[in-house]
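Structure, as structure tokens:
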Amino acid sequence: MKDCTKYQGVIPAFYACYNQDGTISVEGVKALTRHLIDKGVKGLYVGGSSGECIYQHPDERKAVLEAVMSEARGKITVIAHVACNNTADSVELAAHAEKCGVDAIAAIPPIYFHLPEYAIAEYWNAMSAAAPNTEFVIYNIPQLAGTALTMSLLKTMLKNPNVVAVKNSSMPTQDIQMFKDAGIAARGEGGFVVFNGPDEQFVSGRAMGADGGIGGTYAVMPELFLKMNELIEKGDIPTARKVQYEADRIIYKMCEAHGNLYAVQKEILRRMYGLELGGVRAPLPNLIPEDEAVVVEAERMIREAIAKAAAL
């Protein structure tokens with residue numbers, strides 16, 4: 001049986017890191033990787049939504065993954081999201097990820113065109129075939145991809161022995177149960193993983209059976225999600241819920257900015273830790289002067305919430 005324990009816990013979705021001229025900041029990638037390793041997270045999810053993958057060239061995504069692996073190899077779990085808007089580029093990134101030595105590759109379904117399930121399965125299986133020695137994670141995010149993971153599609157994909165997990169970012173938590181049941185039926189107890197995706201419901205997702213979480217706000221406040229996970233493991237759901245509420249209020253505050261959420265978070269990391277990660281790539285909106293108050297307030301809330309969590 002595959003070792004799925006390496007996926008159990010808090011796995012931040014990695015942020016895109018840019019130089020002032022908008023090119024990939026390799027040093028920024030390395031610094032953020034070291035920072036998150038030092039925080040004690042279980043792993044990193046590289047090249048997904050938080051990594052602005054759909055706005056990056058495949059060569060840029062390769063450079064990011066190589067920089068992450070130069071710091072993370074052998075220290076934490078690394079999952080590389082490799083999906084592009086065509087199969088050829090996706091296959092190329094999958095093969096590259098395996099050469100880099102990642103623990104797993106992941107992919108959303110093809111976006112824009114609504115494809116039949118057999119075509120989606122062929123798309124995912126082509127990536128998996130290009131990385132035959134690497135485990136595969138299905139990324140279900142219907143609100144953005146425009147396609148939801150159905151039980152029939154999941155059962156088709158479970159015929160591929162490399163499929164070990166679903167990163168579930170749909171909002172209904174019962175999806176976690178359904179995907180977990182299907183995975184266990186195919187792989188046995190402990191042989192399949194479901195990640196909670198929506199950060200605002202980490203606790204409810206874990207309570208529903210998610211083995212861990214992958215989220216876009218974990219990296220700006222990993223202490224809070226690590227504390228939630230610790231409390232859940234202890235069975236202390238009421239206290240975990242209090243930390244969840246703190247994190248949710250911070251997320252809502254950050255979303256008040258004109259600038260994209262990732263722009264806000266990268267600016268907070270710059271102010272708190274001196275990490276120079278740049279802004280976000282157009283057409284995502286960058287911060288404007290009027291966002292200063294939101295950034296200041298969100299940073300204050302994060303600092304106070306971390307202090308509270310540490311005292312629990």
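Smallest separation of non-hydrogen atoms from A240 and I232: CB-CG1, 4.0 Å. The two atoms that bring V41 and L36 nearest to each other are CG2-O, 3.4 Å, heavy atoms only. Of all heavy-atom pairs spanning A305 and L224, the tightest one is O-CD2, 3.5 Å. Residue M228 comes nearest to V203 through the heavy atom pair SD-CG2, 3.8 Å, listed as atom of the first residue, atom of the second, then distance. Considering all non-hydrogen atoms of both residues, A257 and V264 come closest at CB-CG2, 3.6 Å. Y139 approaches S49 most closely through the heavy-atom pair OH-OG, 3.3 Å.
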(Q) Would I54 and N85 count as a side chain to side chain contact (heavy atoms under 4.5 Å, CB included) here? Give the steps. (A) CA-CA 8 Å; I54 63 172; N85 254 358; 6.0 Å; no
Q: Verify side-chain hydrogen bond (donor to acceptor under 3.5 Å, both in side chains) between R206 and N229, making sure each step is shown before the conclusion.
A: CA-CA 8 Å; R206 289 283 280 111; N229 198 65; 3.0 Å; yes
Q) Can T150 and E117 be said to form a side-chain hydrogen bond (donor to acceptor under 3.5 Å, both in side chains), step by step? A) CA-CA 9 Å; T150 64; E117 289 188 359; 2.6 Å; yes
Q) Passes side-chain hydrogen bond (donor to acceptor under 3.5 Å, both in side chains), D236 versus T239? Steps please. A) CA-CA 6 Å; D236 189 353; T239 306; 2.8 Å; yes
**Q.** Steps toward side chain to side chain contact (heavy atoms under 4.5 Å, CB included) verdict (I24, Q56)
**A.** CA-CA 9 Å; I24 298 296; Q56 292 183 354; 3.7 Å; yes
Q: Could you go through the side chain to side chain contact (heavy atoms under 4.5 Å, CB included) check for D103 and K6 one step at a time?
A: CA-CA 9 Å; D103 294 275; K6 61 184 176 180; 3.4 Å; yes
Q: I would like to know whether L153 and W124 meet side chain to side chain contact (heavy atoms under 4.5 Å, CB included); could you show each step before the answer?
A: CA-CA 11 Å; L153 178 54; W124 282 337; 3.7 Å; yes
Q) Stepwise, does the salt bridge (Lys or Arg N to Asp or Glu O under 4.0 Å) test hold for E304 with K308? A) CA-CA 6 Å; E304 289 185 359; K308 287 182 184 178; 5.5 Å; no
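Between S170 and I141, the closest side-chain pair of non-hydrogen atoms is not below 4.5 Å. Contact of the C84 side chain with the L93 side chain is registered, since non-hydrogen atoms from C-beta on lie closer than 4.5 Å. V137 is not listed as a side-chain neighbour of V193, based on a closest heavy-atom distance of 4.5 Å or more. A 4.5 Å side-chain heavy-atom check between I268 and M221 finds every atom pair outside the cut-off. Proximity of V220 to I302: side-chain heavy atoms (C-beta onward) are separated by under 4.5 Å at one or more points. L287 has its side chain within reach of V295: a pair of non-hydrogen atoms, C-beta onward, lies under 4.5 Å apart. Side-chain atoms of F195 and I79, non-hydrogen and from C-beta on, do get closer than 4.5 Å to each other. Side-chain contact between Y18 and T23 is absent, with no heavy-atom pair separated by less than 4.5 Å.
L158 and Y123 fall within the same hydrophobic cluster, defined by Ile, Leu, Val, Met, Phe, Trp and Tyr side-chain heavy atoms under 4.5 Å apart, directly or through other members. The hydrophobic clustering, which links ILVMFWY residues whose side-chain heavy atoms are closer than 4.5 Å, places Y252 and M171 apart. The hydrophobic cluster containing L149 also contains M208, counting ILVMFWY residues as joined when their side-chain heavy atoms lie under 4.5 angstrom apart, directly or transitively. One hydrophobic cluster, built from ILVMFWY side chains closer than 4.5 Å, cannot hold both Y262 and V294; they sit in different ones.
The number of heavy-atom neighbours closer than 6.0 Å to CD of Q20, taken from other residues, nucleotides and ligands shown, is 12 or below. The environment of OH in Y245 is sparse: at most 12 heavy-atom neighbours from other residues, nucleotides or ligands sit within 6.0 Å. Within a 6.0 Å radius of NZ in K242, no more than 12 heavy atoms belonging to other residues, nucleotides or ligands are found.
Note on residues 70-79: pairs passing side chain to side chain donor-acceptor pair (under 3.5 Å), not counting sequence neighbours, are R34-E71. Contacts classified as salt bridge (charged side-chain N to carboxylate O under 4.0 Å, His left out) and involving residues 43-64 (residues at least two apart or in different chains) are given here: E52-K266, E60-R281, K62-E92.
Aromatic ring orientation, Y218 versus F202: perpendicular (interplanar angle above 60°, classes split at 30° and 60°).
The backbone N or O of G259 lies less than 3.5 Å from a partner atom in the side chain of D291, making a donor-acceptor pair. Panel note: side chain Q143, backbone S169; a donor-acceptor pair is recorded below 3.5 Å. Between the N260 side chain and the P285 main chain, no donor and acceptor come within less than 3.5 Å of each other. Checking side-chain atoms of S90 against main-chain N and O of N86 turns up a donor-acceptor pair under 3.5 Å. A distance-only check finds a donor-acceptor pair linking the side chain of N196 to the backbone of P198 [under 3.5 Å]. Distance alone, capped at 3.5 Å, places no donor-acceptor pair between the R303 side chain and the A298 backbone. A distance-only check finds a donor-acceptor pair linking the side chain of H81 to the backbone of I108 [under 3.5 Å]. Between the side chain of Y15 and the backbone N or O of G216, at least one donor-acceptor pair lies under 3.5 Å.
Ionic pairing of D211 and K180 is present here: one or more N-O contacts between side-chain nitrogen and carboxylate oxygen are shorter than 4.0 angstrom. Ionic pairing of K253 and E246 is not present here: no N-O contact between side-chain nitrogen and carboxylate oxygen is shorter than 4.0 angstrom. For K227 and E223, the salt-bridge test fails: no basic side-chain N is under 4.0 Å from an acidic carboxylate O. Ion pair K234/E230 flagged as a salt bridge, since at least one NZ, NE, NH1 or NH2 atom sits closer than 4.0 Å to an Asp/Glu carboxylate oxygen.
Rounding to the nearest 0.5 angstrom, the gap separating the CZ atom in F192 from the SG atom in C4 is 8.5 Å. Rounding to the nearest 0.5 Å places CD of Q244 at 8.0 Å from CD of E200. To the nearest 0.5 Å, the span separating CD on E27 from SG on C17 amounts to 11.0 Å. Once rounded to the nearest 0.5 Å, the distance linking OH of Y273 with NZ of K39 reads 3.0 Å. Rounded to the nearest 0.5 angstrom, K167 NZ and F179 CZ are separated by 12.5 Å. To the nearest 0.5 Å, the span separating CD on Q265 from CG on L261 amounts to 4.0 Å.
Listed by chain and residue number, nothing satisfies the side-chain contact (heavy atoms from CB on, under 4.5 Å) test with P161 (two or more places apart in sequence, or in another chain).
Partner of I176 under the side chain to side chain contact (heavy atoms under 4.5 Å, CB included) criterion, chosen from V166, D181, V194: V194.
Judged by the 6.0 Å distance and 45° axis criteria, K42 is not positioned over the aromatic ring of Y7.
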